[in-house]
Amino acid sequence: LNPIDYLHRAGRTARGVNQVQSESGQNGGVNRSGSGRVTALVAKRDRVLALAIEGAVQRGEALDGLSSRKTDYLPGAKLGNKALGGGGG
């Protein structure tokens, strides 16, 4: 899974939730503002990629070169100069 697909999956999930709420009358219509909140539960297999995305966003870096392999972030590896994201685990 690459970083763009990972984030797209989260956004698609959020849009689906907004649509369900609007159909049940809770929002009074479809939420088209583009705002909202996505809370993601990160599976163990996605943890490295999620942390890499978090770190890149915090540093203002592009996401397209990130990897889901932990070994790519070890010293001397292709992304060894990139720290995985901060925050608690």
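Quick caveat, the model's predicted, so the values are computed rather than measured.
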With Tyr73 as reference, evaluate Asn81, Val48, Leu51 under the side chain to side chain contact (heavy atoms under 4.5 Å, CB included) test and give the passing residue. Val48
Please test Leu49 against Val42 for side-chain contact (heavy atoms from CB on, under 4.5 Å), starting from the C-alpha separation and ending with a verdict. CA-CA 10 Å; Leu49 184 57; Val42 179; over 6 Å; no
Kindly give the heavy-atom pair with the smallest separation between Ser67 and Ala52, and that separation in Å. O-CB, 4.4 Å
Asp64 and Asn2, any side-chain heavy atoms less than 4.5 Å apart: no
Just wondering, more than 12 heavy atoms not from Arg59 lying within 6.0 Å of its CZ? yes
What closest approach, in Å, do Ala56 and Leu66 show between heavy atoms, and which atom pair accounts for it? CB-CD1, 4.0 Å
Drop me the distance from Lys44's NZ to Asp46's CG, to the nearest 0.5 angstrom. 12.5 Å
